[in-house]
2 protein chains.
Amino acid sequence: MKVTVDAVVFGYTEDELKVLLIGRKFQPFKGMLAFPGGYVLENERARETVTRELKEETNVEVDYLEQLYTFTKVDRDPRGRIITIAYYALVNPSKFNLIADTDASDAQWVSVKEALKGTLAFDHKSILEYALVRLRNKIKYEPIGFDLLSDKFTFNQLHNLYETVLGKTLDRTNFQKKFLKFGILVPTKEKADIVTAGKKPKLFYFDKKKYEKMKKSGFLFDI
Amino acid sequence: MKVTVDAVVFGYTEDELKVLLIGRKFQPFKGMLAFPGGYVLENERARETVTRELKEETNVEVDYLEQLYTFTKVDRDPRGRIITIAYYALVNPSKFNLIADTDASDAQWVSVKEALKGTLAFDHKSILEYALVRLRNKIKYEPIGFDLLSDKFTFNQLHNLYETVLGKTLDRTNFQKKFLKFGILVPTKEKADIVTAGKKPKLFYFDKKKYEKMKKSGFLFDI
DNA sequence: CCAAAAGTGTTACAAGTACACCCATGA
DNA sequence: TCATGGGTGTACTTGTAACACTTTTGG
């Protein structure tokens with residue numbers, strides 16, 4: 001039996017949730033869009049395969065990486081019996097230049113909405129749906145949204161991100177108060193350098209170390 | 001690369017959380033305690049392997065079964081490169097007579113506390129720890145505790161179960177009110193046939209169909 | 001000056017918590 | 001009849017949701 005990994009890498013740009021897809025250079029599913037991934041080698045663990053393949057195929061190094069699910073349907077790969085361990089990851093797309101290589105003819109950020117409308121190679125559409133559900137659940141109980149944003153961000157950006165991922169509106173002022181009460185966001189003295197019709201918003205950053213400490217002493221993040 | 005499955009089957013008896021373990025009949029780890037499990041065959045998916053091996057090795061058929069995590073550490077099995085897809089399951093132990101067979105010299109319900117103190121074959125101790133964390137989280141957000149109890153149960157039994165699994169005390173009266181308000185527990189006219197120092201408690205059952213409907217229309221179980 | 005976005009405050013209601021208290025049972 | 005566990009009620013605290021209001025900015 002052969003074992004592969006697949007990486008569902010989420011990014012957030014232009015107020016939209018994106019996913020990193022490559023064009024397949026070889027058969028099967030040549031020319032179609034698919035997740036970066038590949039065979040788990042004899043002397044590496046699955047997580048290592050994911051980071052290696054991501055670097056090789058797209059030049060991306062992810063901030064947040066978590067195992068998603070292992071897909072074992074018997075006929076999921078036309079090459080034979082191949083199971084895949086799917087991972088999902090979060091990254092700020094502006095950090096990297098996508099460079100396609102090895103098995104990939106190109107690498108691009110595709111809107112999740114569009115990706116779900118079209119066709120993907122293998123069972124990758126099911127995997128994407130599964131990953132999206134996981135992301136939506138996880139972002140409510142763990143402060144992982146920051147891995148999709150720049151180090152410093154405005155409340156408006158965070159708010160938009162949450163509304164986009166969760167697919168529903170959240171009261172702006174209550175969202176802000178809730179986050180501030182947690183005490184894991186640090187205000188800076190800087191104001192965002194963006195064109196706006198109104199007041200210049202403050203920039204915040206996420207105090208990850210403080211959050212880890214609080215979590216250890218029983219604090220539960222919950223948006 | 002070879003692929004196995006391992007099943008962490010939880011049960012609840014004598015006010016204690018138990019796990020189903022077998023004695024290993026063959027090398028490696030001959031004579032030690034381990035989870036039921038075995039190789040994924042070429043023409044079956046992992047979930048099928050789990051139910052098949054559980055039936056073969058212990059005569060147990062589980063009510064609730066969910067994939068837990070795939071463990072891929074390179075040296076986790078002395079026989080070579082073998083990754084394992086771990087599942088966890090919930091069952092009411094009183095429903096089955098344990099019958100050990102094939103690879104198992106015996107099958108028994110072991111207190112989770114004891115199992116974590118002792119030594120298990122392979123990396124099964126890590127897997128058990130991982131499964132326990134998952135169970136504790138899951139039982140808060142999904143009404144899966146009922147799969148550990150008989151079809152009809154008293155509030156005291158449910159309350160004890162939750163306190164045992166979560167490892168903390170929960171106010172008896174508030175626990176009851178919260179559950180009743182959900183509307184997923186149906187009171188029967190029967191009273192439990194148990195010796196008690198006080199009042200005879202009513203028996204309830206869990207209305208799974210109603211819960212599924214409510215869940216579809218947006219209801220979130222949360223204890 | 002005014003529209004738009006950021007930031008702050010207020011109020012009404014729902015939910016959670018901590019108990020007190022009564023009831024039924026069997027030793 | 002009394003200790004024990006089951007069952008119910010209530011006051012208090014906390015959290016949530018909705019929205020009004022003020023401030024700052026650029027055109």
Side-chain angles (χ1 to χ4, degrees), chain A residues 14-15 139-141 143 149-150 152-164 166-206 214 218-223, chain B residues 14-15 139-141 143 145 149-150 152-164 166-206 214 217-223:
Chain A
E14 297 144 2
D15 291 344
I139 207 171
K140 284 187 220 163
Y141 303 113
L149 297 174
S150 307
K152 291 175 190 169
F153 50 85
T154 70
F155 249 110
N156 187 27
Q157 289 167 337
L158 190 63
H159 181 234
N160 281 340
L161 167 63
Y162 269 81
E163 286 198 337
T164 305
L166 296 178
K168 64 175 180 183
T169 55
L170 301 166
D171 183 276
R172 178 182 59 90
T173 61
N174 294 331
F175 177 84
Q176 181 157 346
K177 266 178 287 185
K178 204 167 180 180
F179 247 112
L180 284 177
K181 220 163 81 176
F182 291 154
I184 55 177
L185 290 190
V186 183
T188 68
K189 280 166 189 165
E190 298 172 68
K191 308 234 158 175
D193 187 22
I194 50 175
V195 277
T196 165
K199 228 173 176 173
K200 289 261 189 240
K202 246 189 282 186
L203 285 172
F204 292 80
Y205 67 89
F206 170 48
M214 288 167 67
F219 168 73
L220 280 179
F221 178 87
D222 183 11
I223 212 67
Chain B
E14 296 144 4
D15 291 344
I139 206 171
K140 283 187 222 165
Y141 303 113
L149 296 174
S150 308
K152 291 175 190 168
F153 49 85
T154 70
F155 249 109
N156 186 27
Q157 290 168 336
L158 190 63
H159 181 235
N160 281 338
L161 167 63
Y162 269 80
E163 287 199 335
T164 305
L166 297 177
K168 65 174 180 183
T169 55
L170 301 166
D171 183 277
R172 177 181 60 90
T173 61
N174 293 332
F175 177 83
Q176 181 157 347
K177 266 177 286 184
K178 204 167 179 182
F179 247 112
L180 284 177
K181 220 163 81 177
F182 291 154
I184 55 177
L185 290 190
V186 184
T188 68
K189 281 166 188 166
E190 296 173 68
K191 309 233 159 175
D193 187 22
I194 51 173
V195 277
T196 164
K199 232 173 176 172
K200 288 262 191 237
K202 245 190 282 187
L203 286 172
F204 292 80
Y205 67 88
F206 169 49
M214 288 167 66
S217 18
F219 167 72
L220 279 179
F221 177 87
D222 183 11
I223 213 66

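What you see below is based on every heavy atom in this structure, not just the backbone, and it leaves out hydrogens, waters and symmetry mates. It should be emphasised that the depicted structure is a prediction, and the values quoted were computed from it without experimental measurement. Proteins get letters first, then strands, A, B, ... in listed order; numbering begins at 1 in each.
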Inset, instruction - Using the closest heavy atom to pick a nucleotide of DNA chain C for each, name whichever of Arg172(A) or Gly198(A) lands nearer the 5' end. - result: Gly198(A)
Legend entry - Where chain B begins and ends its contact with DNA chain D, read 5' to 3' at 4.0 Å from heavy atoms: dA3(D) to dT10(D)
Legend entry - Other residues, nucleotides, ligands: >12 heavy atoms within 6.0 Å of Asp222(A) CG: yes
Legend entry - For the student: nearest non-hydrogen atoms of Pro201(B) and Thr154(B), plus distance: CG-CG2, 3.7 Å
Inset, instruction - Tell me whether the OP1 or OP2 atom of dA5(C) has a side-chain N or O from Asn156(A) closer than 4.0 Å. - result: no
Inset, instruction - Nearest whole angstrom, please: distance from the P of dT8(C) to the CZ of Phe175(A). - result: 16 Å
Legend entry - Distance below 4.0 Å between Lys200(B) side-chain N/O and dG26(C) OP1 or OP2: yes
Inset, instruction - Please state whether the rings of Phe182(A) and Phe221(A) are parallel, tilted or perpendicular, taking 30° and 60° as the class boundaries. - result: tilted
Inset, instruction - Round to a whole Å and report the spacing from CD of Gln176(A) to C1' of dA5(C). - result: 12 Å
Inset, instruction - Measure the distance from NZ on Lys199(A) to C1' on dA6(C) and round it to the nearest whole Å. - result: 5 Å
Inset, instruction - Would you name the heavy atoms of Ile194(B) and Lys200(B) that are closest together and state the gap between them? - result: O-NZ, 2.9 Å
Inset, instruction - Compute the ring centroids of Phe206(B) and Phe153(B), then answer whether they are less than 6.0 Å apart. - result: no
Legend entry - Five-pair end axes of the helix from dC1(C)-dG27(D) to dA27(C)-dT1(D) and the angle they enclose, rounded to 10°: 10°
Inset, instruction - Classify the ring geometry between Phe155(B) and Phe204(B) as parallel (under 30°), tilted (30 to 60°) or perpendicular (over 60°). - result: perpendicular
Inset, instruction - Determine, for nucleotides 9-18 of chain C in 5'-to-3' order, which nucleotides have protein heavy atoms under 4.0 Å from the base (write B), from only the sugar-phosphate (write S), or from neither (write -). - result: BB-----SBB
Inset, instruction - Take the protein atom CD1 of Ile194(B) and the nucleotide atom P of dG26(C), then report the distance between them rounded to whole Å. - result: 11 Å
Legend entry - Integer-rounded Å distance: dG26(C) C1' and Asp193(B) CG: 14 Å
Inset, instruction - Count the heavy atoms belonging to other residues, nucleotides or ligands that lie under 6.0 Å from OH of Tyr205(B), then report whether that count exceeds 12. - result: no
Legend entry - Atom-pair distance (NZ on Lys202(A); C1' on dA5(C)), nearest Å: 15 Å
